Protein chains: 2
Amino acid sequence: MRARNNALSSNRSAGDHTPIYFKLQMKIRTQIESGKLEPGEAILPEKKLAEIHGVSLGTVRTAILNLVSEGYLYREQGKGTFVSGNKIRRENLKYYRYLSDFGGEEVELAIHLLSLQTIPCSEYIRQHLNSKPEENIYELKRYFTVNKKPGIYCVSYLPCELFKGLDEFPSSRFERVTLYNAIEESYGIPTIFNRELISVEQLEGDVAKILRVSPGTPALRMEMMSYTYKEKPYEYRISLCLTDTKKIYREF
Amino acid sequence: MRARNNALSSNRSAGDHTPIYFKLQMKIRTQIESGKLEPGEAILPEKKLAEIHGVSLGTVRTAILNLVSEGYLYREQGKGTFVSGNKIRRENLKYYRYLSDFGGEEVELAIHLLSLQTIPCSEYIRQHLNSKPEENIYELKRYFTVNKKPGIYCVSYLPCELFKGLDEFPSSRFERVTLYNAIEESYGIPTIFNRELISVEQLEGDVAKILRVSPGTPALRMEMMSYTYKEKPYEYRISLCLTDTKKIYREF
DNA sequence: GCTCATTTGTTCGTATGTATC
DNA sequence: TGATACATACGAACAAATGAG
């Protein structure tokens with residue numbers, strides 16, 4: 001005999017018309033978001049979930065398949081169903097690239113660390129990151145070389161509470177992998193969506209020096225907010241890009 | 001007795017391990033792409049499809065649900081399953097907007113037609129639109145005012161064969177609706193995906209005059225390719241945007 | 001290399017609920 | 001009110017991939 005009238009299938013008669021598969025879906029999603037289920041970890045097999053919750057295999061399947069299409073899970077036949085990290089999600093998400101034209105050649109991008117420090121952040125940045133006044137912020141400055149020549153200057157703001165110990169990483173780490181990979185590997189924070197503002201800015205002072213152009217050179221300015229579960233912002237980034245030879249490419 | 005061993009379920013024994021739902025999915029997709037099924041039109045109900053193809057309801061359901069998540073179809077309970085036009089697809093797709101900051105106020109955008117003519121197009125544009133030398137191209141020039149002030153200059157290239165009679169539209173039409181809406185309403189061409197290149201350009205000549213800035217003013221240059229079914233390009237567009245007060249906003 | 005248990009993938013069938021016209 | 005169509009849920013069977021022994 002299987003268990004009936006449990007948390008998922010109860011209340012159906014009492015006017016609760018939420019589908020069972022949806023309740024299960026949300027239950028698993030919450031476990032992932034709370035960190036109870038970690039990226040890479042296998043969830044219970046369909047059969048077990050069906051037994052435990054006292055529902056049919058098909059219902060479990062619907063819940064899981066929905067979470068797969070939302071990017072929370074991925075499945076491998078014969079192996080199991082696993083919690084997605086960024087790597088999986090990112091297959092759907094379109095990266096930026098740096099090209100000279102549609103279908104142009106790929107360039108060699110290299111990352112260079114300029115500085116990483118904890119700062120008492122401004123009200124403006126605090127508002128963007130939705131953080132409290134007493135919370136500190138990491139300020140990460142980097143620049144990217146494009147075919148050995150400086151092309152992008154980039155400042156990221158990250159809440160300290162989300163990225164504890166980020167400043168203890170060896171600096172080489174920031175130059176070997178993208179920030180997204182570092183964030184995924186070390187903190188398991190997946191990117192759900194981004195918002196961006198694009199404009200044109202004339203470079204001045206240090207930025208112009210680092211990118212080796214004369215002051216007043218116009219550049220592409222991209223402000224980007226990255227959000228994880230529950231619309232929580234985890235990064236505010238400002239990138240300044242030279243686009244005289246290469247352009248920013250994206251698909252969507 | 002239902003029909004068995006038909007086009008979909010045959011060949012299973014002969015080493016064809018393509019799932020039945022996938023064959024049906026492709027069959028419907030082809031009908032949409034070929035125009036046999038038009039946007040807005042209802043497809044046959046699940047039950048009929050199951051009968052006709054001699055498969056179970058669940059199999060039909062899988063095929064349809066996949067096409068829904070791919071954007072080809074949308075469903076309405078109690079009404080039916082319909083072929084998507086742009087409007088439906090676009091609910092998922094993120095539009096560009098023009099804002100002063102994240103969460104800033106919406107602006108008033110107005111479209112103004114500058115010219116629409118058939119041109120013997122250059123090799124460069126022909127390559128982008130994947131068109132043959134003998135095919136003509138429409139060149140559509142417009143500019144957008146942002147809160148009454150000129151902000152965006154925009155040139156679109158569209159293959160004449162895809163948009164027959166575009167030049168016979170009243171010019172007011174191009175000023176009332178977006179190009180996407182006009183294209184959808186009149187030609188039923190859905191946008192599957194876009195590619196873009198972003199860079200910075202200094203405005204000169206006519207463009208500077210139309211946007212009422214002095215020559216040499218830096219502006220955002222966005223080149224965009226729009227593709228419909230089977231990766232067929234249907235528009236190549238170059239937009240030049242002033243971003244001194246407002247910025248280009250997008251979610252993804 | 002083979003067998004076997006496990007797990008997901010596909011397909012079938014059926015029943016009932018809910019929305020639309 | 002009834003007919004139609006999609007939505008949810010159940011159960012069952014077999015196929016295909018994986019990994020352990």
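Given the structure is predicted, the values throughout are model-derived calculations rather than measurements.
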Any idea which heavy atoms bring Tyr234(B) and Pro159(B) closest together, and the distance?
O-CD, 3.2 Å
Between C1' of dG9(C) and OH of Tyr74(A), the distance in whole Å
18 Å
If you check the Pro45(A) side chain, which of dT10(C), dT7(C), dA9(D) turns out closest?
dT7(C)
Would you give the length of the straight line joining atom CD1 of Ile64(B) to atom OG1 of Thr59(B), rounded to the nearest 0.5 angstrom?
11.0 Å
Indicate the atoms forming the closest heavy-atom contact of Tyr21(A) with Ala63(A), along with that distance.
O-CB, 3.3 Å
Of the options dA9(D), dC12(C), dT10(C), whose atoms approach the side-chain atoms of Tyr21(B) most closely?
dT10(C)
Check whether any side-chain nitrogen or oxygen of Thr59(A) sits under 4.0 Å from OP1 or OP2 of dC10(D), and answer yes or no.
yes
Does atom CD (Glu38(A)) have a neighbourhood of more than 12 heavy atoms from anything else shown, all under 6.0 Å?
no
Which whole-number value in Å describes the distance from Arg61(B) CZ to dA7(D) C1'?
6 Å
Expressed as a whole number of angstroms, how long is the span from Lys23(B):NZ to dT10(C):P?
13 Å
Considering all heavy atoms of both residues, which atom of Lys36(A) and which atom of Glu41(A) are nearest to each other, and what is their separation?
O-OE1, 4.0 Å
Could you state the atom-to-atom distance from NZ of Lys47(A) to P of dT6(C) in whole Å?
7 Å
Give the ring-plane orientation class for Phe102(A) versus Tyr236(B), where under 30° counts as parallel, over 60° as perpendicular and anything between as tilted.
perpendicular
Which is true for Gly58(B) with a 4.0 Å heavy-atom rule: it touches a base, it touches only sugar-phosphate, or it touches nothing?
nothing
Inter-end axis angle, the helix from dC2(C)-dG21(D) to dC21(C)-dG2(D), with every axis fitted to five base pairs (rounded, 10 degrees)
10°
Minimum heavy-atom separation for Leu73(B) and Ile32(B), please, with both atom names.
CD2-CD1, 3.8 Å
Compare the minimum distances between each of dT14(C), dA9(D), dA7(D) and the side chain of Leu57(B), then state the nucleotide with the smallest one.
dT14(C)
Are Leu140(B) and Leu166(B) close enough that some pair of their side-chain heavy atoms sits under 4.5 Å apart?
no
Applying a 4.0 Å non-hydrogen cut-off, can you work out what Thr81(B) is touching in the nucleic acid: base, sugar-phosphate, or nothing?
sugar-phosphate
As a test of reading the structure: which of dC10(D), dT8(C), dT11(C) is closest to the side chain of Arg75(A), going by heavy atoms?
dT8(C)
Do the side chains of Asp101(A) and His128(B) get nearer than 4.5 Å, heavy atoms only?
yes
Rounded distance in Å - CG (Asn66(B)) to P (dG9(C)):
12 Å
Taken to the nearest whole Å, CZ/Phe82(A) to C1'/dT8(C) is 10 Å
Report all interatomic pairs (protein N or O, nucleotide N or O of nucleotides 18-21 of chain C) with separations under 3.5 Å.
residue	atom	partner	partner atom	Å
dT18(C)	OP1	His17(A)	ND1	3.2
dA19(C)	O4'	Gln77(B)	OE1	3.4

Taking atom P of dC10(D) as reference, at what distance in whole Å does atom NE2 of His53(A) sit?
13 Å
Determine which pairs satisfy salt bridge (charged side-chain N to carboxylate O under 4.0 Å, His left out) with at least one residue from residues 73-85 of chain A, sequence neighbours left out, and list them in order.
Glu46(A)-Arg75(A), Glu76(A)-Lys79(A)
Nearest of dG9(C), dC12(C), dC6(D) to any side-chain atom of Glu46(B)?
dC6(D)
Between P on dA9(D) and CG on Leu65(B), what's the gap in Å once rounded to a whole number?
14 Å
